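Since the model is a prediction, treat every value here as computed from it, not as a measurement. Order of appearance sets the numbers: ligands from 1, and atoms from 1 within every ligand.
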Amino acid sequence: MLKLKKQVGELLHQAIGKLFSVCEPDAAALADMLEYPPDASMGDLALPCFKLSKTLHKSPVQIADALAGAVQAPFFERVEAVKGYLNFYLDAPIFAQRVLQDMDEAGEWYGSPRCGEGKTVVLDYSSPNVAKPFHIGHLGTTVIGHSLKLLHEFAGYRCVGINYLGDWGTQFGKLIVAYRLWGNREEVEEKGVDALVALYVRINREIDGDAEHGIPPRQDLAEQARVEFHKMEQHDPENIALWKWFVDISLKEYEKTYSQLNITFDSYKGESFYTDKMPAQVEKLRQCGLLKTDDGASIVDLSQYNMPPCLILKRDGSTLYPTRDIAAAVYRMQTYHFDKCIYVTSAQQSLHFAQWFKVVELMGYSWYDRLVHVPYGTVSVNGTKLGTRTGNVVLLKDLFRLAIEKVTAIMEEKNPALKGRGDIAQAVGVGAVVFYYLSNNRMRDISFVLEDALSFDGNTGPYAQYTYARTASILEKAEGEVPQFEPAELTAEEKEVVKCLARFPEQVSQALIEYEPSVITRYILDLCAAFNRFYHQCSILNAEQAQLRDNRLKLTDAVHRVLGRALELICMTKTEKI
Ligand code: ARG
C-alpha cells in the first residue's frame, strides 16, 4: 500500500546516502519530517530542510537544492527547491490511479497497517462503578476505549475487550444500609439503577451532614456501612444476594447504553472476580521483600521513583484498588498472553497506574512493559463540573435520549418521508455525541455543549453522516456500477479528494501509535470537506463525458468506502440515508 510519507522517506534516505554519504536519519525519521503544505501551490508534500542542517552540516538551501536533483518517483510531476524547502508536486493522474488501484487491491483492508497479526491486545475500558451513575464522565473511557479496540482489530490484532466493573467495595456497604433503611424492592425493580443511585446519594448526604443547614454528619451510618461490607467480604449470604441483585440491575441498564453505541464486551470480569486472586500476589510481594508496614498498612515504597507509596493492604488487612489491579493484570497475562494490555481511564488516575505498573516491574514480571495507560481529560457540561457523590451528574442515557429526540425533530422537519427514521435518529443522535467528544485530543478538558454537537452545519457528527449518506445516494442513483478509473487530468477538487484518500493509511497508523481516535475524527472532517467541495464544483452523474463520469463515480465510491470505515473506527453507526 502506498503510504506517501513512508515512500518519500525511503527515497530521501537513498538520495541523502548517495549525495552526502551518510545513513542518518533513517527513512522513518525522514518520513516524519515531511509535511502536507496547507496550500497546494507549495507542493503536495514538503520537506523543511532546516531539520537536516545539523546532521548534514549544510544550510537548508544547499540541502534542498542538492536533493531536488536527486529525488524522483513516478508519481511526482516535479520536485522543486524553494528557500530551503523541498516541495514535491504529484503527477495527479498517475497518483490517482495508483491510490485507487491500492484501494481495490486492499479491499476491506484498505488503510490497515496489518501490524497486529498473531498478537493479542487486552483493552480495559468503560468499567463503571456499579450502582453509581453511568454519567458523561464515562463517555471518554467508553468511546476512546472502544475506538481503540476497533482500531486494533482493524490492524489485525486479536482483541479482548474487558469491562472491569467496579462491583466491589465499601459503596456496597453503604448501599445495603441505605436500601434497608429507605428502599423497597418494587421501587428498585421499577426504577432500576436510578433508584440505587438515589439511595447512594442520600446516604452520602447523611454521612457527610450539611454544616450550612446545621445537619450533623452521621458517623454511625458510615460505621454500619463498613460492617455490612465486611460481612459481604465474609460471604454473608443475605448481603451477597443483595449485592448480586444490585449488580444485575446496573448491568441491565448499562447494556442499553452499550447497545446504542454498538458496543459489546468479551468479558465483564469486574473487581469482585479478583478477591480470591489477591492473596497470592500479596504473598509474592512479601516474598520479594517489597512490602513495608506504615502505620499498620502494607505499602510498597516508591520514593526512589519519585512517587508516593503504593497502598496494598489497609490497616484492617482489606485490599485496595491497586492490589486488585495487580491481581487482575497477572490473571489476564495468564489467560490471554497479551502483547499489550491497555487501560483507558481519566487522567486523574494516572498516578495510580504509574504506581502499580512500577510495582509489577519490581515484582519481576517480565511483561510489565506491555501495560499501557491511556488517560484522558475531564468533561464538564455547559461549563459545570460534575460530582457523583452529590448527584450533580448528566447521565449518559439522558444525554443520548436528548440527542435522539432533537435529531428526530430535525429529521421530521427536513425529511418527513424518510423510512426507518427511528434507527437513523439513533445512529445520528448518539453518533453526534460520540463525534463531538472524539473531535478533541483526548487529554484536552472539554465542556460539552449539546447544541453544538447536534448542529448539521459545522464540523459535527451529523455533518459527517450527512456527507456519507450523500455519497451513498449518488452511488444508488448510479445503480451499483463500479466503473474503471482511467488516468486523466484532474480538477483541483478531484485531486484533493485523491490526496485525502491516500492519507487514510497514515492516519490509521498515527491513531494507533498515539492511542488517539481523534486523529480519525479530524481525518473524517478533512475527507468530508474535500468531498463536498468536489461535489459542489464537479458534476458527477451528469459529467460532460462518459469517462469523466466513470472517474468521478469511482472517486465517490472510494470516499464512500473510506468514510464508512473511518466512521466505524470511531464507534459511529453509519447510515446510508439521512
Ligand atoms: N471503575 C473505575 C472507575 O470508575 C475504573 C476502572 C479502570 N480500570 C482499572 N483496571 N483500574 O474509576
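Under 4.0 Å is where a charged nitrogen must lie from a carboxylate oxygen, and between Asp194 and Lys397 at least one such pair does.
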Walk me through it: do Glu361 and Tyr305 pass the test side-chain hydrogen bond (donor to acceptor under 3.5 Å, both in side chains)?
-> CA-CA 12 Å; Glu361 180 183 349; Tyr305 310 98; over 6 Å; no
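Here Tyr343 and Tyr164 keep their ring centres 6.0 angstrom or further from each other.
Residue contacts with ligand 1 for Phe353 involve side-chain atoms from C-beta outward but no N, CA, C or O (heavy atoms, distance under 4.0 Å). Residue-level proximity to ligand 1 for Asp325 is carried by the side chain, the only part with a heavy atom below 4.0 angstrom.
Here atom 9 (C) of ligand 1 lies nearest to Tyr164 when heavy atoms of Tyr125, Tyr164, Phe134, Tyr274 are compared. The residue among Gln349, Glu271, His138 with a heavy atom at the shortest distance from atom 12 (O) of ligand 1 is Gln349.
The distance criterion of under 3.5 Å between nitrogen or oxygen atoms is met by Ser127 with respect to ligand 1. The distance criterion of under 3.5 Å between nitrogen or oxygen atoms is not met by His352 with respect to ligand 1. Geometrically, ligand 1 and Asn129 share a nitrogen or oxygen pair separated by less than 3.5 Å.
Less than 4.0 angstrom separates some heavy atom of Asp124 from each of these atoms of ligand 1: 7 (C), 8 (N), 9 (C), 10 (N). Those atoms of ligand 1 with a heavy atom of Tyr321 less than 4.0 angstrom away are 2 (C), 5 (C), 6 (C), 7 (C), 9 (C), 11 (N). When each atom of ligand 1 is checked for a heavy atom of Thr345 under 4.0 Å away, the hits are 7 (C). Interface atoms of ligand 1 facing Tyr343, defined by a heavy-atom separation under 4.0 Å, are 10 (N).
Between the OG atom in Ser298 and the CG atom in Leu285 there is a gap of 9.5 Å [rounded to 0.5 Å]. In this structure, the separation between CG on Leu148 and CD1 on Ile570 is 12.0 Å, given to the nearest 0.5 Å.
Stacking of Arg185 on the aromatic ring of Trp245 is recorded, both the 6.0 Å distance cut-off and the 45° axial limit being met. Cation-pi check for Lys256 over Phe134 is not met; the charged atom does not lie both under 6.0 angstrom from the ring centroid and within 45 degrees of its normal.
Considering Val300, Val359, Leu302, Ile299 in turn, Ile299 is the only one that fulfils the side chain to side chain contact (heavy atoms under 4.5 Å, CB included) rule with Pro309.
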